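Take a look at the structure set out below.
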2 protein chains.
Amino acid sequence: MAPRSTGKKAESSDKVSVICRALRRAIIEQALEPGAKLPEDSLGERFGVSRTIARHALGQLAAEGLVELRRNRIAVVATPSWQEARDAFDIRIELERLVVRQLAGKLTKPQIAELNAHVDAEDRARDGTDAVSIRLATEFHILLANMTNSPILVRYVSEVAYRCCLTLSLYSRPHSSECAINEHRSIIAALVKGDVDKVMGLMHSHLDSVANRALVAPAPQRGRDLLDILAPYAEESETGRVVKMPKVVRAR
Amino acid sequence: MAPRSTGKKAESSDKVSVICRALRRAIIEQALEPGAKLPEDSLGERFGVSRTIARHALGQLAAEGLVELRRNRIAVVATPSWQEARDAFDIRIELERLVVRQLAGKLTKPQIAELNAHVDAEDRARDGTDAVSIRLATEFHILLANMTNSPILVRYVSEVAYRCCLTLSLYSRPHSSECAINEHRSIIAALVKGDVDKVMGLMHSHLDSVANRALVAPAPQRGRDLLDILAPYAEESETGRVVKMPKVVRAR
DNA sequence: AGCGCCCGAATTGCATGCACTTTTGCCGGG
DNA sequence: CCCGGCAAAAGTGCATGCAATTCGGGCGCT
(Lines give C-alpha, C1' and ligand atoms only; values in the text may rest on other atoms or scores of the structure.)
Protein backbone atom coordinates (compact mmCIF):
# COMPACT_ATOMS: atom_id res chain seq x y z
CA MET A 1 0.00 0.00 0.00
CA ALA A 2 1.09 3.51 -0.57
CA PRO A 3 2.83 4.76 2.53
CA ARG A 4 0.37 6.98 4.24
CA SER A 5 1.29 10.60 4.81
CA THR A 6 3.65 11.28 7.64
CA GLY A 7 5.28 8.53 9.57
CA LYS A 8 6.10 11.00 12.26
CA LYS A 9 7.34 10.16 15.69
CA ALA A 10 5.36 11.48 18.58
CA GLU A 11 8.41 11.25 20.77
CA SER A 12 11.23 13.60 20.07
CA SER A 13 14.51 11.79 19.53
CA ASP A 14 16.11 13.39 22.55
CA LYS A 15 17.50 11.98 25.73
CA VAL A 16 14.07 11.57 27.22
CA SER A 17 12.96 9.05 24.65
CA VAL A 18 16.25 7.21 24.91
CA ILE A 19 15.57 6.67 28.58
CA CYS A 20 11.98 5.73 27.87
CA ARG A 21 12.99 3.11 25.36
CA ALA A 22 15.60 1.69 27.68
CA LEU A 23 13.22 1.48 30.59
CA ARG A 24 10.41 0.06 28.49
CA ARG A 25 12.69 -2.65 27.30
CA ALA A 26 14.04 -3.35 30.76
CA ILE A 27 10.51 -3.62 32.04
CA ILE A 28 9.19 -5.94 29.39
CA GLU A 29 12.24 -8.12 29.67
CA GLN A 30 11.61 -8.27 33.39
CA ALA A 31 15.01 -6.90 34.19
CA LEU A 32 12.91 -4.50 36.19
CA GLU A 33 10.14 -6.33 37.95
CA PRO A 34 6.81 -4.80 38.85
CA GLY A 35 7.26 -2.78 42.00
CA ALA A 36 10.91 -2.02 41.38
CA LYS A 37 11.87 1.45 42.49
CA LEU A 38 12.95 4.02 39.97
CA PRO A 39 14.48 6.98 41.80
CA GLU A 40 15.11 9.97 39.60
CA ASP A 41 18.66 10.37 40.84
CA SER A 42 19.77 6.85 40.02
CA LEU A 43 18.14 7.00 36.61
CA GLY A 44 19.78 10.31 35.84
CA GLU A 45 23.13 9.08 37.00
CA ARG A 46 22.80 5.83 35.06
CA PHE A 47 21.95 7.60 31.81
CA GLY A 48 24.21 10.56 32.30
CA VAL A 49 21.48 13.16 32.49
CA SER A 50 20.00 15.34 35.15
CA ARG A 51 17.04 14.51 37.28
CA THR A 52 14.92 16.83 35.20
CA ILE A 53 15.23 14.55 32.21
CA ALA A 54 14.82 11.36 34.15
CA ARG A 55 11.72 12.80 35.71
CA HIS A 56 10.28 13.72 32.35
CA ALA A 57 10.90 10.21 31.09
CA LEU A 58 9.14 8.76 34.11
CA GLY A 59 6.22 11.03 33.32
CA GLN A 60 5.95 9.63 29.82
CA LEU A 61 6.19 6.08 31.03
CA ALA A 62 3.52 6.78 33.59
CA ALA A 63 1.29 8.06 30.82
CA GLU A 64 1.77 4.72 29.15
CA GLY A 65 0.87 2.89 32.31
CA LEU A 66 4.21 1.17 32.74
CA VAL A 67 5.23 3.20 35.74
CA GLU A 68 3.35 4.36 38.78
CA LEU A 69 3.92 7.86 40.01
CA ARG A 70 2.76 8.95 43.43
CA ARG A 71 3.35 12.40 44.72
CA ASN A 72 6.54 12.74 46.76
CA ARG A 73 7.16 9.05 46.39
CA ILE A 74 9.70 7.11 44.45
CA ALA A 75 8.34 6.00 41.12
CA VAL A 76 7.90 2.26 40.74
CA VAL A 77 7.32 -0.11 37.88
CA ALA A 78 3.57 -0.55 37.62
CA THR A 79 1.91 -3.52 39.27
CA PRO A 80 -1.37 -3.98 37.44
CA SER A 81 -4.13 -5.76 39.26
CA TRP A 82 -5.44 -8.97 37.84
CA GLN A 83 -8.59 -7.21 36.73
CA GLU A 84 -6.59 -4.53 34.95
CA ALA A 85 -4.66 -7.23 33.19
CA ARG A 86 -7.87 -8.82 32.02
CA ASP A 87 -9.15 -5.43 30.82
CA ALA A 88 -5.93 -4.76 28.99
CA PHE A 89 -6.24 -8.01 27.11
CA ASP A 90 -9.85 -7.28 26.22
CA ILE A 91 -8.85 -3.98 24.72
CA ARG A 92 -5.89 -5.51 23.02
CA ILE A 93 -8.04 -8.07 21.32
CA GLU A 94 -10.27 -5.43 19.80
CA LEU A 95 -7.35 -3.28 18.69
CA GLU A 96 -5.47 -6.12 17.09
CA ARG A 97 -8.56 -7.36 15.32
CA LEU A 98 -8.62 -3.91 13.80
CA VAL A 99 -4.99 -4.28 12.80
CA VAL A 100 -5.42 -7.54 10.95
CA ARG A 101 -8.68 -6.34 9.43
CA GLN A 102 -6.81 -3.49 7.82
CA LEU A 103 -3.89 -5.64 6.84
CA ALA A 104 -5.56 -8.74 5.41
CA GLY A 105 -4.59 -9.22 1.79
CA LYS A 106 -2.75 -5.93 1.68
CA LEU A 107 0.72 -6.96 2.73
CA THR A 108 3.57 -6.26 0.36
CA LYS A 109 6.20 -8.86 -0.34
CA PRO A 110 8.88 -7.11 1.75
CA GLN A 111 6.46 -6.89 4.63
CA ILE A 112 5.68 -10.58 4.44
CA ALA A 113 9.38 -11.29 4.41
CA GLU A 114 9.91 -9.09 7.43
CA LEU A 115 7.18 -10.86 9.35
CA ASN A 116 8.56 -14.25 8.49
CA ALA A 117 12.03 -13.16 9.47
CA HIS A 118 10.72 -12.00 12.80
CA VAL A 119 8.97 -15.26 13.52
CA ASP A 120 12.13 -17.08 12.55
CA ALA A 121 13.94 -14.96 15.11
CA GLU A 122 11.32 -15.94 17.67
CA ASP A 123 11.96 -19.53 16.77
CA ARG A 124 15.67 -19.15 17.20
CA ALA A 125 15.21 -17.49 20.58
CA ARG A 126 13.35 -20.42 22.00
CA ASP A 127 16.37 -21.77 23.77
CA GLY A 128 17.28 -18.35 25.09
CA THR A 129 15.75 -16.83 28.17
CA ASP A 130 12.04 -16.54 28.61
CA ALA A 131 12.34 -12.79 28.81
CA VAL A 132 13.65 -12.53 25.28
CA SER A 133 10.97 -14.78 23.82
CA ILE A 134 8.31 -12.72 25.52
CA ARG A 135 9.77 -9.54 24.15
CA LEU A 136 10.00 -10.93 20.65
CA ALA A 137 6.44 -12.22 20.77
CA THR A 138 5.26 -8.80 21.84
CA GLU A 139 7.30 -7.13 19.13
CA PHE A 140 5.69 -9.32 16.52
CA HIS A 141 2.38 -7.73 17.30
CA ILE A 142 3.87 -4.27 17.26
CA LEU A 143 5.52 -4.97 13.96
CA LEU A 144 2.14 -5.95 12.61
CA ALA A 145 0.58 -2.77 13.95
CA ASN A 146 3.31 -0.70 12.34
CA MET A 147 2.35 -2.01 8.96
CA THR A 148 -1.03 -0.36 9.18
CA ASN A 149 0.69 3.00 8.87
CA SER A 150 -1.80 4.35 11.33
CA PRO A 151 0.22 6.17 13.98
CA ILE A 152 -2.63 6.15 16.43
CA LEU A 153 -3.26 2.47 16.10
CA VAL A 154 0.44 1.80 16.42
CA ARG A 155 0.61 3.79 19.60
CA TYR A 156 -2.32 2.11 21.26
CA VAL A 157 -1.38 -1.39 20.24
CA SER A 158 2.17 -0.84 21.43
CA GLU A 159 1.10 0.53 24.75
CA VAL A 160 -1.42 -2.11 25.49
CA ALA A 161 0.91 -4.84 24.33
CA TYR A 162 3.60 -3.59 26.69
CA ARG A 163 1.11 -3.53 29.50
CA CYS A 164 0.03 -7.04 28.76
CA CYS A 165 3.65 -8.07 28.67
CA LEU A 166 4.10 -6.54 32.08
CA THR A 167 1.18 -8.44 33.51
CA LEU A 168 2.43 -11.67 32.04
CA SER A 169 5.54 -11.28 34.11
CA LEU A 170 3.34 -10.91 37.16
CA TYR A 171 0.75 -13.60 36.77
CA SER A 172 2.12 -16.25 34.48
CA ARG A 173 4.14 -19.32 35.28
CA PRO A 174 7.41 -20.23 33.63
CA HIS A 175 5.19 -20.89 30.62
CA SER A 176 6.30 -21.92 27.19
CA SER A 177 5.50 -19.58 24.37
CA GLU A 178 6.26 -22.12 21.66
CA CYS A 179 2.69 -22.59 20.64
CA ALA A 180 2.40 -18.84 20.18
CA ILE A 181 4.98 -19.02 17.44
CA ASN A 182 2.85 -21.36 15.39
CA GLU A 183 -0.10 -19.11 15.94
CA HIS A 184 1.93 -16.24 14.64
CA ARG A 185 2.71 -18.24 11.54
CA SER A 186 -0.91 -19.05 10.85
CA ILE A 187 -1.82 -15.40 11.28
CA ILE A 188 0.74 -14.43 8.67
CA ALA A 189 -0.59 -17.12 6.36
CA ALA A 190 -4.17 -15.94 6.74
CA LEU A 191 -3.10 -12.34 6.24
CA VAL A 192 -1.36 -13.21 3.00
CA LYS A 193 -4.35 -15.20 1.87
CA GLY A 194 -6.48 -12.14 2.58
CA ASP A 195 -9.20 -13.95 4.49
CA VAL A 196 -10.38 -11.15 6.75
CA ASP A 197 -12.77 -13.11 8.94
CA LYS A 198 -10.35 -15.98 9.32
CA VAL A 199 -7.47 -13.79 10.38
CA MET A 200 -9.59 -11.77 12.79
CA GLY A 201 -10.73 -14.99 14.35
CA LEU A 202 -7.19 -16.28 14.55
CA MET A 203 -5.92 -13.14 16.18
CA HIS A 204 -8.79 -13.20 18.62
CA SER A 205 -8.21 -16.75 19.71
CA HIS A 206 -4.46 -16.27 19.75
CA LEU A 207 -4.68 -13.39 22.19
CA ASP A 208 -7.41 -15.06 24.12
CA SER A 209 -5.30 -18.13 24.65
CA VAL A 210 -2.27 -16.10 25.60
CA ALA A 211 -4.41 -14.33 28.17
CA ASN A 212 -5.94 -17.54 29.47
CA ARG A 213 -2.64 -19.31 29.61
CA ALA A 214 -1.38 -16.53 31.81
CA LEU A 215 -4.27 -15.16 33.77
CA VAL A 216 -5.47 -18.39 35.22
CA ALA A 217 -5.94 -17.52 38.85
CA PRO A 218 -8.09 -14.59 39.84
CA ALA A 219 -5.26 -13.88 42.27
CA PRO A 220 -5.63 -13.31 45.99
CA GLN A 221 -7.56 -10.03 45.62
CA ARG A 222 -9.08 -8.33 48.65
CA GLY A 223 -6.90 -5.66 50.12
CA ARG A 224 -4.45 -6.17 47.33
CA ASP A 225 -2.53 -2.94 47.75
CA LEU A 226 -0.42 -4.12 50.63
CA LEU A 227 -0.15 -7.60 49.35
CA ASP A 228 1.19 -7.19 45.91
CA ILE A 229 3.33 -4.25 46.73
CA LEU A 230 4.98 -6.57 49.17
CA ALA A 231 5.02 -9.55 46.88
CA PRO A 232 8.04 -8.71 44.74
CA TYR A 233 10.12 -8.02 47.81
CA ALA A 234 9.12 -11.05 49.80
CA GLU A 235 9.79 -13.55 47.06
CA GLU A 236 13.43 -14.11 47.83
CA SER A 237 12.84 -17.26 49.83
CA GLU A 238 9.77 -18.28 47.93
CA THR A 239 11.14 -18.78 44.44
CA GLY A 240 14.74 -18.89 45.42
CA ARG A 241 15.32 -15.84 43.28
CA VAL A 242 16.46 -12.76 45.05
CA VAL A 243 15.12 -9.38 44.20
CA LYS A 244 17.60 -7.74 41.97
CA MET A 245 17.65 -4.37 40.31
CA PRO A 246 20.25 -5.16 37.76
CA LYS A 247 20.68 -2.23 35.55
CA VAL A 248 19.33 1.02 36.60
CA VAL A 249 18.66 0.92 40.23
CA ARG A 250 21.16 -0.12 42.75
CA ALA A 251 19.63 -1.03 46.03
CA ARG A 252 21.44 1.61 47.98
CA MET B 1 -21.70 -3.24 40.35
CA ALA B 2 -19.13 -3.64 42.98
CA PRO B 3 -16.53 -0.96 42.47
CA ARG B 4 -13.56 -2.67 41.04
CA SER B 5 -10.29 -2.54 42.91
CA THR B 6 -8.38 0.68 42.68
CA GLY B 7 -9.88 3.68 41.01
CA LYS B 8 -6.49 5.26 40.99
CA LYS B 9 -5.54 8.32 39.05
CA ALA B 10 -2.64 7.95 36.69
CA GLU B 11 -2.08 11.68 36.81
CA SER B 12 -0.88 13.12 40.04
CA SER B 13 -3.01 15.98 41.25
CA ASP B 14 -0.21 18.47 40.95
CA LYS B 15 0.24 21.58 38.90
CA VAL B 16 1.14 19.61 35.82
CA SER B 17 -2.22 17.93 35.62
CA VAL B 18 -3.99 21.20 36.29
CA ILE B 19 -2.35 22.64 33.23
CA CYS B 20 -3.08 19.51 31.24
CA ARG B 21 -6.74 19.65 32.10
CA ALA B 22 -6.96 23.33 31.27
CA LEU B 23 -5.24 22.90 27.93
CA ARG B 24 -7.25 19.82 27.05
CA ARG B 25 -10.40 21.70 27.67
CA ALA B 26 -9.25 24.77 25.77
CA ILE B 27 -8.35 22.55 22.87
CA ILE B 28 -11.57 20.60 22.70
CA GLU B 29 -13.60 23.78 23.06
CA GLN B 30 -11.59 25.20 20.20
CA ALA B 31 -10.41 28.12 22.22
CA LEU B 32 -7.08 26.87 20.99
CA GLU B 33 -7.30 25.87 17.37
CA PRO B 34 -5.14 23.25 15.74
CA GLY B 35 -1.81 24.80 14.94
CA ALA B 36 -1.94 27.33 17.76
CA LYS B 37 1.42 27.94 19.32
CA LEU B 38 2.05 26.95 22.92
CA PRO B 39 5.32 28.50 24.10
CA GLU B 40 6.49 27.21 27.43
CA ASP B 41 7.06 30.68 28.82
CA SER B 42 3.58 31.95 28.12
CA LEU B 43 2.03 28.81 29.52
CA GLY B 44 4.12 29.04 32.64
CA GLU B 45 3.34 32.70 33.10
CA ARG B 46 -0.36 32.15 32.53
CA PHE B 47 -0.59 29.38 35.09
CA GLY B 48 1.86 30.83 37.53
CA VAL B 49 4.45 28.10 37.25
CA SER B 50 7.90 27.75 35.84
CA ARG B 51 8.74 26.59 32.37
CA THR B 52 9.76 23.25 33.78
CA ILE B 53 6.20 22.47 34.72
CA ALA B 54 4.68 23.85 31.56
CA ARG B 55 7.11 21.76 29.60
CA HIS B 56 6.19 18.65 31.49
CA ALA B 57 2.52 19.28 30.83
CA LEU B 58 3.19 19.70 27.13
CA GLY B 59 4.98 16.38 27.22
CA GLN B 60 1.93 14.67 28.66
CA LEU B 61 -0.38 16.29 26.15
CA ALA B 62 1.94 15.23 23.37
CA ALA B 63 1.74 11.67 24.64
CA GLU B 64 -2.02 11.96 24.29
CA GLY B 65 -1.68 13.25 20.76
CA LEU B 66 -3.25 16.62 21.43
CA VAL B 67 -0.04 18.56 21.05
CA GLU B 68 2.81 18.30 18.61
CA LEU B 69 6.32 18.63 19.93
CA ARG B 70 9.24 19.20 17.61
CA ARG B 71 12.73 19.58 18.88
CA ASN B 72 13.76 23.18 19.43
CA ARG B 73 10.42 24.34 18.10
CA ILE B 74 7.46 25.89 19.75
CA ALA B 75 4.86 23.28 20.63
CA VAL B 76 1.61 23.55 18.72
CA VAL B 77 -1.84 22.12 19.07
CA ALA B 78 -1.93 18.98 16.96
CA THR B 79 -3.31 19.11 13.46
CA PRO B 80 -4.30 15.55 12.65
CA SER B 81 -4.49 14.58 9.02
CA TRP B 82 -7.78 13.49 7.61
CA GLN B 83 -6.58 9.93 7.54
CA GLU B 84 -5.56 10.06 11.17
CA ALA B 85 -8.99 11.38 12.00
CA ARG B 86 -10.57 8.46 10.23
CA ASP B 87 -8.28 6.04 12.04
CA ALA B 88 -9.10 7.61 15.38
CA PHE B 89 -12.80 7.11 14.79
CA ASP B 90 -12.27 3.50 13.77
CA ILE B 91 -10.46 2.84 17.00
CA ARG B 92 -12.99 4.78 18.98
CA ILE B 93 -15.82 2.69 17.62
CA GLU B 94 -14.21 -0.53 18.77
CA LEU B 95 -13.36 0.85 22.19
CA GLU B 96 -16.79 2.22 22.85
CA ARG B 97 -18.47 -0.95 21.70
CA LEU B 98 -16.41 -2.56 24.42
CA VAL B 99 -17.68 0.01 26.89
CA VAL B 100 -21.34 -0.57 26.22
CA ARG B 101 -20.82 -4.31 26.05
CA GLN B 102 -19.54 -4.23 29.59
CA LEU B 103 -22.20 -1.82 30.75
CA ALA B 104 -25.36 -3.25 29.21
CA GLY B 105 -27.86 -4.18 31.90
CA LYS B 106 -25.38 -3.44 34.65
CA LEU B 107 -26.05 0.21 35.33
CA THR B 108 -27.09 1.21 38.81
CA LYS B 109 -29.92 3.63 39.36
CA PRO B 110 -27.62 6.49 40.36
CA GLN B 111 -25.59 5.91 37.23
CA ILE B 112 -28.65 6.01 35.05
CA ALA B 113 -29.68 9.21 36.72
CA GLU B 114 -26.27 10.70 36.14
CA LEU B 115 -26.37 9.82 32.47
CA ASN B 116 -29.82 11.29 32.05
CA ALA B 117 -28.76 14.42 33.87
CA HIS B 118 -25.83 14.78 31.54
CA VAL B 119 -27.95 14.41 28.44
CA ASP B 120 -30.34 16.97 29.88
CA ALA B 121 -27.39 19.30 30.24
CA GLU B 122 -26.51 18.66 26.63
CA ASP B 123 -30.05 19.55 25.73
CA ARG B 124 -29.90 22.76 27.67
CA ALA B 125 -26.62 23.71 26.04
CA ARG B 126 -28.07 23.55 22.57
CA ASP B 127 -28.57 27.30 22.38
CA GLY B 128 -25.10 27.93 23.74
CA THR B 129 -22.00 27.89 21.64
CA ASP B 130 -21.12 24.97 19.44
CA ALA B 131 -17.92 24.50 21.40
CA VAL B 132 -19.79 23.69 24.59
CA SER B 133 -22.14 21.23 22.93
CA ILE B 134 -19.22 19.44 21.40
CA ARG B 135 -17.48 19.24 24.72
CA LEU B 136 -20.57 17.94 26.46
CA ALA B 137 -21.18 15.35 23.78
CA THR B 138 -17.63 14.15 24.18
CA GLU B 139 -17.95 14.09 27.94
CA PHE B 140 -21.01 11.90 27.68
CA HIS B 141 -18.90 9.20 26.16
CA ILE B 142 -16.21 9.63 28.75
CA LEU B 143 -18.80 9.47 31.51
CA LEU B 144 -19.96 6.19 30.06
CA ALA B 145 -16.42 4.87 29.94
CA ASN B 146 -15.88 5.84 33.55
CA MET B 147 -18.71 3.61 34.60
CA THR B 148 -16.85 0.54 33.44
CA ASN B 149 -14.41 1.06 36.31
CA SER B 150 -11.67 -0.03 34.00
CA PRO B 151 -8.94 2.57 34.29
CA ILE B 152 -7.29 1.48 31.07
CA LEU B 153 -10.47 1.62 29.08
CA VAL B 154 -11.26 5.00 30.55
CA ARG B 155 -7.90 6.32 29.55
CA TYR B 156 -8.04 5.11 25.99
CA VAL B 157 -11.61 6.16 25.39
CA SER B 158 -10.90 9.59 26.81
CA GLU B 159 -7.83 10.09 24.73
CA VAL B 160 -9.32 8.96 21.51
CA ALA B 161 -12.49 10.92 22.17
CA TYR B 162 -10.47 14.07 22.69
CA ARG B 163 -8.59 13.44 19.50
CA CYS B 164 -11.79 12.95 17.61
CA CYS B 165 -13.10 16.13 19.12
CA LEU B 166 -10.01 17.90 17.88
CA THR B 167 -10.46 16.63 14.37
CA LEU B 168 -14.09 17.64 14.37
CA SER B 169 -12.99 21.20 14.89
CA LEU B 170 -10.75 20.87 11.86
CA TYR B 171 -12.90 19.11 9.34
CA SER B 172 -16.51 19.68 10.27
CA ARG B 173 -18.84 22.46 9.23
CA PRO B 174 -20.91 24.56 11.64
CA HIS B 175 -22.80 21.29 12.14
CA SER B 176 -25.65 20.72 14.49
CA SER B 177 -25.17 18.09 17.12
CA GLU B 178 -28.87 17.91 18.02
CA CYS B 179 -29.42 14.52 16.51
CA ALA B 180 -26.53 13.20 18.58
CA ILE B 181 -28.46 13.96 21.74
CA ASN B 182 -31.29 11.69 20.73
CA GLU B 183 -28.81 9.02 19.89
CA HIS B 184 -27.35 9.39 23.35
CA ARG B 185 -30.80 8.90 24.81
CA SER B 186 -31.43 5.73 22.87
CA ILE B 187 -28.09 4.38 23.94
CA ILE B 188 -28.99 4.94 27.57
CA ALA B 189 -32.34 3.27 27.02
CA ALA B 190 -30.76 0.23 25.41
CA LEU B 191 -28.15 0.04 28.16
CA VAL B 192 -30.85 0.03 30.82
CA LYS B 193 -32.79 -2.59 28.92
CA GLY B 194 -29.63 -4.67 28.84
CA ASP B 195 -29.79 -5.55 25.17
CA VAL B 196 -26.11 -6.01 24.45
CA ASP B 197 -26.27 -6.44 20.70
CA LYS B 198 -28.70 -3.60 20.31
CA VAL B 199 -26.62 -1.15 22.28
CA MET B 200 -23.40 -2.14 20.54
CA GLY B 201 -25.09 -1.55 17.25
CA LEU B 202 -26.45 1.78 18.41
CA MET B 203 -23.07 2.95 19.60
CA HIS B 204 -21.47 1.83 16.39
CA SER B 205 -23.89 3.67 14.16
CA HIS B 206 -23.87 6.68 16.44
CA LEU B 207 -20.13 7.12 16.17
CA ASP B 208 -20.17 6.21 12.52
CA SER B 209 -22.66 8.92 11.77
CA VAL B 210 -20.77 11.46 13.83
CA ALA B 211 -17.67 10.60 11.86
CA ASN B 212 -19.43 10.70 8.53
CA ARG B 213 -21.19 13.93 9.30
CA ALA B 214 -17.82 15.47 9.99
CA LEU B 215 -15.28 13.76 7.80
CA VAL B 216 -17.02 14.25 4.51
CA ALA B 217 -14.23 15.50 2.28
CA PRO B 218 -11.07 13.45 1.88
CA ALA B 219 -9.34 16.83 2.18
CA PRO B 220 -6.78 18.22 -0.26
CA GLN B 221 -4.16 15.54 0.52
CA ARG B 222 -0.97 15.28 -1.53
CA GLY B 223 1.92 17.18 -0.08
CA ARG B 224 -0.24 17.95 2.89
CA ASP B 225 2.50 18.91 5.27
CA LEU B 226 2.96 22.41 3.98
CA LEU B 227 -0.68 22.85 3.33
CA ASP B 228 -2.22 22.09 6.63
CA ILE B 229 0.54 23.54 8.65
CA LEU B 230 -0.14 26.72 6.79
CA ALA B 231 -3.90 26.40 6.89
CA PRO B 232 -4.64 27.61 10.41
CA TYR B 233 -2.54 30.68 9.86
CA ALA B 234 -3.89 31.59 6.47
CA GLU B 235 -7.51 31.28 7.41
CA GLU B 236 -7.94 34.84 8.57
CA SER B 237 -9.33 36.08 5.29
CA GLU B 238 -10.88 32.79 4.32
CA THR B 239 -13.43 32.28 7.03
CA GLY B 240 -13.52 35.82 8.22
CA ARG B 241 -12.33 34.59 11.58
CA VAL B 242 -8.95 35.73 12.66
CA VAL B 243 -6.51 33.42 14.37
CA LYS B 244 -6.80 34.12 18.03
CA MET B 245 -5.01 32.73 21.03
CA PRO B 246 -7.46 33.85 23.59
CA LYS B 247 -6.45 32.39 26.84
CA VAL B 248 -3.07 31.06 27.18
CA VAL B 249 -1.02 32.41 24.42
CA ARG B 250 -0.74 35.99 23.54
CA ALA B 251 0.55 36.55 20.05
CA ARG B 252 3.56 38.48 21.09
C1' DA C 1 12.72 46.49 -6.28
C1' DG C 2 14.06 41.80 -5.20
C1' DC C 3 16.97 38.54 -2.98
C1' DG C 4 19.93 36.75 0.46
C1' DC C 5 22.74 37.26 4.53
C1' DC C 6 23.51 38.33 9.13
C1' DC C 7 22.63 39.64 13.72
C1' DG C 8 19.53 40.21 17.74
C1' DA C 9 15.44 38.50 20.04
C1' DA C 10 12.76 34.69 21.25
C1' DT C 11 12.58 30.12 22.66
C1' DT C 12 13.92 25.59 23.75
C1' DG C 13 17.27 21.91 26.08
C1' DC C 14 19.11 20.88 30.11
C1' DA C 15 21.54 21.15 34.74
C1' DT C 16 21.68 22.83 39.21
C1' DG C 17 19.97 24.57 43.60
C1' DC C 18 16.76 24.97 47.38
C1' DA C 19 12.59 23.91 50.03
C1' DC C 20 9.65 20.52 51.48
C1' DT C 21 8.06 15.58 52.19
C1' DT C 22 8.81 11.00 53.10
C1' DT C 23 11.62 7.39 54.80
C1' DT C 24 14.68 5.20 57.88
C1' DG C 25 17.32 4.03 61.58
C1' DC C 26 18.16 4.93 66.34
C1' DC C 27 17.12 5.67 71.04
C1' DG C 28 14.53 5.78 75.23
C1' DG C 29 10.38 4.29 77.68
C1' DG C 30 7.08 0.88 78.82
C1' DC D 1 11.40 -7.45 74.23
C1' DC D 2 8.53 -4.49 71.79
C1' DC D 3 6.68 -0.08 70.73
C1' DG D 4 6.69 4.91 69.69
C1' DG D 5 8.76 9.01 68.53
C1' DC D 6 12.51 11.83 66.75
C1' DA D 7 16.19 13.34 63.79
C1' DA D 8 19.17 12.60 59.88
C1' DA D 9 19.15 11.00 55.19
C1' DA D 10 17.07 10.30 50.92
C1' DG D 11 14.05 11.80 47.53
C1' DT D 12 10.73 14.61 45.23
C1' DG D 13 8.60 19.39 43.60
C1' DC D 14 9.75 23.19 41.48
C1' DA D 15 12.27 27.55 39.97
C1' DT D 16 16.07 29.59 37.94
C1' DG D 17 20.18 30.08 35.06
C1' DC D 18 22.97 29.29 31.06
C1' DA D 19 24.12 27.40 26.51
C1' DA D 20 22.39 26.23 22.01
C1' DT D 21 19.07 26.68 18.43
C1' DT D 22 15.59 28.81 15.80
C1' DC D 23 13.00 32.81 14.31
C1' DG D 24 12.52 37.40 12.28
C1' DG D 25 13.67 41.63 10.50
C1' DG D 26 16.68 44.88 8.56
C1' DC D 27 20.60 45.89 5.65
C1' DG D 28 23.48 45.50 1.81
C1' DC D 29 24.21 43.55 -2.66
C1' DT D 30 22.65 42.77 -7.22
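All figures in this text were calculated on a predicted structure; none of them were measured in a lab. Letters A, B, ... mirror the listed sequences (proteins, then strands); counts begin at 1.
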- With no hydrogens and no angle check, do the side chains of A:H141 and A:E96 hold a donor and an acceptor under 3.5 Å apart? yes
- Looking at the side chain of A:R71, which of D:dT21, D:dG13, C:dA15 is the nearest nucleotide? D:dG13
- Taking only the side-chain heavy atoms of B:S50 (C-beta and beyond), determine which of D:dC14, D:dT12, C:dC14 contains the nearest atom. D:dC14
- How long is the line joining NZ of A:K15 and C1' of D:dA20, in whole Å? 12 Å
- Taking D:dA15, C:dA15, C:dT21 as options, the one with an atom nearest any side-chain atom of B:V49 is D:dA15
- For B:S150 against A:D87, the heavy-atom pair lying closest together: OG-OD2, 3.0 Å
- Can you check the B:I19 CD1 to D:dC14 C1' distance for me, whole Å? 11 Å
- Between D:dG11 (C1') and A:K37 (NZ): distance, integer Å: 11 Å
- Item | Under 4.0 angstrom between B:R55 side-chain N/O and C:dG13 OP1 or OP2 | yes
- Item | Selection from C:dA15, C:dT22, C:dT12 that lies nearest to any side-chain heavy atom of A:N72 | C:dT22
- Anything under 30° is parallel, anything over 60° is perpendicular, the rest tilted; go ahead and classify B:H56 against A:H56. perpendicular
- Under the criterion salt bridge (Lys or Arg N to Asp or Glu O under 4.0 Å), which of B:R46, B:R51, B:R55 is the partner of B:D41? B:R51
- Message: From CG of B:D41 over to P of D:dT22, roughly how many Å is that when rounded to an integer?
- Response: 17 Å
- Which part of the nucleic acid, if any, lies within reach of B:R51 when heavy atoms closer than 4.0 Å are counted: base, sugar-phosphate only, or nothing? base
- Integer-rounded Å distance: C:dT22 P and A:R70 CZ: 12 Å
- Task: Please report, rounded to the nearest Å, how far the P atom of C:dT12 is from the CD1 atom of A:I53.
- Result: 14 Å
- Message: Nearest heavy atom decides the nucleotide; on that basis, is B:I74 or A:E40 closer to the 5' end of DNA chain D?
- Response: A:E40
- Write down the distance between CG (B:L58) and P (C:dT11), rounded to a whole number of angstrom. 14 Å
- Query: Are B:R73 and D:dC23 close enough that a side-chain N or O sits under 4.0 Å from OP1 or OP2?
  - Reply: yes
- Roughly how many Å is it from CG in A:L38 to P in D:dT12, rounded to a whole number? 10 Å
- Pair A:I91-B:L95, side chain to side chain contact (heavy atoms under 4.5 Å, CB included): steps then yes or no: CA-CA 7 Å; A:I91 294 173; B:L95 291 180; 3.8 Å; yes
